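Notes follow the structure.
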Amino acid sequence: MDAAASVEIRGALLRLRRSTGLPVAFGGLVEPGRPRVRISELNGTATESLSRLAVTAGNGLGGKAVALARPCAVTDYSSSRQITHEYDAAVAVEGLRSVLAVPVVVRRRVRGVLYGALRTPQPLGDRTLTAAVDAARDVEQALVVREEA
């Protein structure tokens with residue numbers, strides 16, 4: 001695990017929660033050589049159910065965001081027809097309903113995912129999605145600067 005990148009993710013999650021008022025944010029980095037994201041950073045969670053979860057590209061909401069390399073959101077995670085449901089148990093333990101996932105993309109490669117979530121099934125507005133994208137962009141910029149150094 002890239003410690004400096006984890007610090008960037010942690011900071012972005014804090015900013016995401018502050019700027020949106022979302023009660024829960026979490027995220028992680030793509031594992032080197034593997035098509036999956038390991039959730040390593042949790043902010044505002046009540047349980048450890050999401051900690052260390054390996055999210056495979058294409059699966060669940062975060063995996064969809066990785067596969068498409070673009071932000072994705074669902075209003076009610078457990079009943080959404082837009083995603084696969086491999087991670088329902090972990091999401092349900094944490095009590096999450098509305099969830100967004102934004103990929104961190106550096107040089108056209110997805111390097112991580114930031115998630116924000118509500119414990120109620122209500123639409124996440126444009127302002128919330130924009131703030132999440134901005135937080136991901138901050139991580140992208142920091143990773144680019146570090147790689148060039």
Side-chain angles (χ1 to χ4, degrees), residues 1-75 77 80 82-83 86-87 90-91 93-149:
M1 174 59 80
D2 184 333
S6 292
V7 169
E8 294 297 340
I9 298 263
R10 203 170 309 135
L13 297 176
L14 202 55
R15 289 190 300 277
L16 175 59
R17 284 191 62 204
R18 254 192 231 123
S19 63
T20 62
L22 288 173
V24 178
F26 52 100
L29 298 167
V30 171
E31 292 185 332
R34 294 201 145 131
R36 67 185 190 194
V37 171
R38 178 72 65 177
I39 295 174
S40 60
E41 307 303 321
L42 307 174
N43 192 304
T45 53
T47 72
E48 291 292 310
S49 70
L50 301 167
S51 182
R52 309 290 309 138
L53 195 66
V55 178
T56 303
N59 292 354
L61 185 67
K64 181 177 181 179
V66 168
L68 299 176
R70 65 179 172 81
C72 298
V74 294
T75 301
Y77 191 96
S80 176
Q82 272 80 58
I83 58 169
E86 290 82 357
Y87 312 109
V91 172
V93 167
E94 187 57 45
L96 305 180
R97 303 291 296 275
S98 288
V99 185
L100 60 80
V102 180
V104 172
V105 183
V106 177
R107 294 189 180 94
R108 295 194 290 281
R109 270 185 44 236
V110 177
R111 297 283 302 279
V113 178
L114 302 181
Y115 296 85
L118 293 170
R119 290 189 169 92
T120 52
Q122 61 194 55
L124 295 159
D126 288 342
R127 192 182 67 78
T128 301
L129 206 53
T130 298
V133 168
D134 289 346
R137 295 295 166 270
D138 289 347
V139 176
E140 292 167 6
Q141 293 307 313
L143 295 179
V144 167
V145 168
R146 276 206 5 262
E147 284 175 8
E148 289 172 353

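Given the structure is predicted, the values throughout are model-derived calculations rather than measurements. Note: hydrogens, waters and symmetry copies are ignored here, and every other heavy atom, side chains too, is used.
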Heavy-atom pair with the smallest gap, counting every atom of Gly62 and Val113: O-CG2, 4.1 Å

For Ile83 and Tyr77, run side-chain contact (heavy atoms from CB on, under 4.5 Å): C-alpha distance rounded to whole Å, both residues' side-chain angles, the deciding distance at 0.1 Å, then the answer. CA-CA 8 Å; Ile83 58 169; Tyr77 191 96; 3.6 Å; yes

Charged N to carboxylate O below 4.0 Å: is that the case for Asp134 and Arg15? no

Let's go through Glu8 and Arg137 carefully: what are the C-alpha distance in whole Å and the side-chain angles of both, what is the deciding distance for salt bridge (Lys or Arg N to Asp or Glu O under 4.0 Å) to 0.1 Å, and is it a yes or a no? CA-CA 11 Å; Glu8 294 297 340; Arg137 295 295 166 270; over 6 Å; no

Begin from the C-alpha positions of Tyr87 and Val55 and carry the test side-chain contact (heavy atoms from CB on, under 4.5 Å) through to its verdict. CA-CA 8 Å; Tyr87 312 109; Val55 178; 3.9 Å; yes

Decide side-chain contact (heavy atoms from CB on, under 4.5 Å) for Leu96 and Leu50; before the verdict, give the C-alpha distance in whole Å, the side-chain angles of both, and the deciding distance to 0.1 Å. CA-CA 11 Å; Leu96 305 180; Leu50 301 167; 3.9 Å; yes

For Glu140 and Val105, work out which heavy atoms get closest and say how close. OE2-N, 2.9 Å

May I ask you to decide if Thr120's main-chain N or O and Ser98's side chain share a donor-acceptor pair within less than 3.5 Å? yes

Heavy atoms of Pro23 and Ala117 approach each other most closely as CD-O, 3.2 Å

So do Glu41 and Leu114 actually touch side chain to side chain, heavy atoms under 4.5 Å? no

Between the side chains of Arg111 and Glu147, is the shortest nitrogen-to-carboxylate-oxygen separation below 4.0 Å, so that they form an ion pair? yes

Establish, from distance only, whether the side-chain atoms of Glu94 and Thr47 form a donor-acceptor pair under 3.5 Å. yes

Donor-acceptor pair, Thr45 side chain versus Leu42 backbone, under 3.5 Å? no

CZ (Arg34) with more than 12 external heavy atoms under 6.0 Å: no

How close do Asp2 and Leu29 get, heavy atom to heavy atom, and via which atoms? O-CD1, 4.0 Å

For a 4.5 angstrom cut-off between non-hydrogen side-chain atoms, does Val24 reach Arg119? yes

Might you confirm whether atom CZ of Arg70 has over 12 heavy atoms from other residues, nucleotides or ligands at distances under 6.0 Å? no

Evaluate the side-chain proximity of Val37 to Val66: yes if any heavy-atom separation is below 4.5 Å, no if none is. yes

Worked verdict on Leu118 versus Leu124 for side-chain contact (heavy atoms from CB on, under 4.5 Å): CA-CA 9 Å; Leu118 293 170; Leu124 295 159; 3.5 Å; yes

Which pair of heavy atoms, one from Ala136 and one from Val102, lies closest together, and at what distance? CB-CG1, 3.5 Å

Is Lys64 reaching over with its side chain to a backbone N or O of Gln82, donor-acceptor style, under 3.5 angstrom? yes

How about CZ on Arg109, more than 12 heavy atoms from neighbouring residues, nucleotides or ligands closer than 6.0 Å, or not? no

Could you tell me which non-hydrogen atom of Leu53 sits nearest to which non-hydrogen atom of Ala90, and how far apart they are? CD2-CB, 4.2 Å

With the side chain counted from C-beta on, respond yes when Tyr115 and Leu16 share a heavy-atom pair under 4.5 Å apart, and no when they do not. no

Carboxylate-amine/guanidinium contact Glu86 Arg36, below 4.0 Å: no

What's the separation between atom CG in Asn43 and atom CG in Leu22, rounded to the nearest 0.5 Å? 11.0 Å

